Number of protein chains: 2
Amino acid sequence: MFPDETDKKILRRLQQNARLTIKEIASDINLSVTPVHERIRKLEKEGYIDRYVGLLNRKILGKALMAYCHVTLDKQQKESFEDFNNAAKEMEEVLECSMVSGNFDYMLKIVVQDGEAFNQFYQYKLSVLKSVLHISTYFVISEIKNTTEISI
Amino acid sequence: MFPDETDKKILRRLQQNARLTIKEIASDINLSVTPVHERIRKLEKEGYIDRYVGLLNRKILGKALMAYCHVTLDKQQKESFEDFNNAAKEMEEVLECSMVSGNFDYMLKIVVQDGEAFNQFYQYKLSVLKSVLHISTYFVISEIKNTTEISI
DNA sequence: GTTGAAACCGGTTGTCT
DNA sequence: AGACAACCGGTTTCAAC
């Protein structure tokens, strides 16, 4: 089966730290560089590794406010969904947008500079979308955990 | 001011793709490798770049179910918060955990294999925490957008 | 901030087991 | 599939401008 346990060990390390050298990973898992190199290439090619990114410190870069928004659309129809999906993808303030089950339609994660910036986003970008009926906002007071690591 | 516009250009590229070579970034922004190298070192040292990670494709790795949970604690006291924070940090299923303002206390993002795995997590790990009074769950039906890029 | 050079090291490939 | 060795290219540091 692919990926096997060795592949998983490699994936676990790369999702913690994308700057590990093949050498380091190889010695970690008691292999030489060649098979580790081949496995990583294959894992990338097959799409197990999506991409490598740098994670920035949003707070010292002046993006101190994070919030979650629940969005309800005016009607549950294909056109409304498509409109909203396209709009969400385009908005730089929206880091995550998911359609969810329950008593509202979308869960959004928003990152902006401060309350004033949120207000601008809310009033002039989000609430003006014609497919949007209702929005509830939950401001993040304290970020306890934020990881991209999935357990494999 | 630090970071200046050149630093920001570098940060924008690195948060899109951590595997860009210094050469590529340098030619992108019309600089030679030396200053770009120095700037990246400084940005890392000063904490503007938190870390570099590989992002995995959770779906083909068998982690198909994502959900958001609203958690309300039994009482808004320091001890309950600390208990819950520590527990959340330890749970591999919890990718994000934030204390929020509003009519519940925490917003959690959960990633697991499937409904059965969620049930196990919910029944035996989350709901059993003694500080937890109430949980509402919203299953992700469709992931429209999920990025780690902040706009700078 | 630029250029150029040099040392070093990791990535990459081919060959052998 | 993994080990070994050789080559290539990027990183890192330095000097001089």
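Proteins come first, then strands; the chains are lettered A, B, ... in the order of their sequence lines, and each starts at number 1. Please read these numbers as outputs of a predicted model, since none were measured by experiment.
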Has the side chain of Lys9(A) got a donor or acceptor atom that lies under 3.5 Å from a matching backbone atom of Ile25(A)?
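Such a contact is absent between Lys9(A) side chain and Ile25(A) backbone.
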Arg51(A) (side chain) donor-acceptor with Ala18(B) (main chain) under 3.5 angstrom
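Checking the backbone N and O of Ala18(B) against the side chain of Arg51(A), no donor-acceptor pair under 3.5 Å is found.
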May I ask you to check whether over 12 heavy atoms, not counting those of [X], lie within 6.0 Å of atom [atom1]?
| X | atom1 | answer |
| --- | --- | --- |
| Glu79(A) | CD | no |
| Glu90(B) | CD | no |
| Phe2(B) | CZ | yes |

Examine the side chains of Tyr68(B) and Glu96(A) and answer whether a donor and an acceptor come within less than 3.5 Å of each other.
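Yes, a side-chain donor-acceptor pair sits under 3.5 Å.
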Would you please say whether a donor-acceptor pair under 3.5 Å links the side chains of Glu93(B) and Tyr122(B)?
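Short answer, no.
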Minimum heavy-atom distance Asp7(A)-Asp4(A), with the two atoms named
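Closest approach of Asp7(A) to Asp4(A), heavy atoms only: N-OD1, 2.8 Å.
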Taking Watson-Crick (N1-N3 plus N6-O4 or O6-N4) and G-U wobble (N1-O2, O6-N3), each under 3.5 Å, can you produce the dot-bracket string of DNA chain C? Use [ ] for crossing pairs and | for inter-strand ones.
||||||||||.||||||
Looking at Arg12(A) and Glu5(A), is there a salt bridge between them, counting it only when a charged N and a carboxylate O are closer than 4.0 Å?
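So Glu5(A) pairs with Arg12(A) through a salt bridge.
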Taking 5' to 3' order, which nucleotide of DNA chain D is first and which is last to have an atom within less than 4.0 Å of a heavy atom in chain B?
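Using the under 4.0 Å cut-off, the span is dG10(D) to dC14(D).
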Does anything in residues 12-34 of chain A come within less than 4.0 Å of DNA chain C? Heavy atoms only, and list the residues if so.
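Residues of residues 12-34 of chain A that come under 4.0 Å of DNA chain C are, in numerical order, Thr21(A), Ile22(A), Lys23(A), Thr34(A).
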Against Ile10(B), only a single residue in Leu20(B), Ile49(B), Ile29(B), Ile22(B) fulfils side-chain contact (heavy atoms from CB on, under 4.5 Å); can you say which?
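Result: among Leu20(B), Ile49(B), Ile29(B), Ile22(B), Ile29(B) is the only option passing the side-chain contact (heavy atoms from CB on, under 4.5 Å) with Ile10(B).
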Check whether any side-chain nitrogen or oxygen of His37(A) sits under 4.0 Å from OP1 or OP2 of dG11(C), and answer yes or no.
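Checking His37(A) against dG11(C): no side-chain N or O falls below 4.0 Å of OP1 or OP2.
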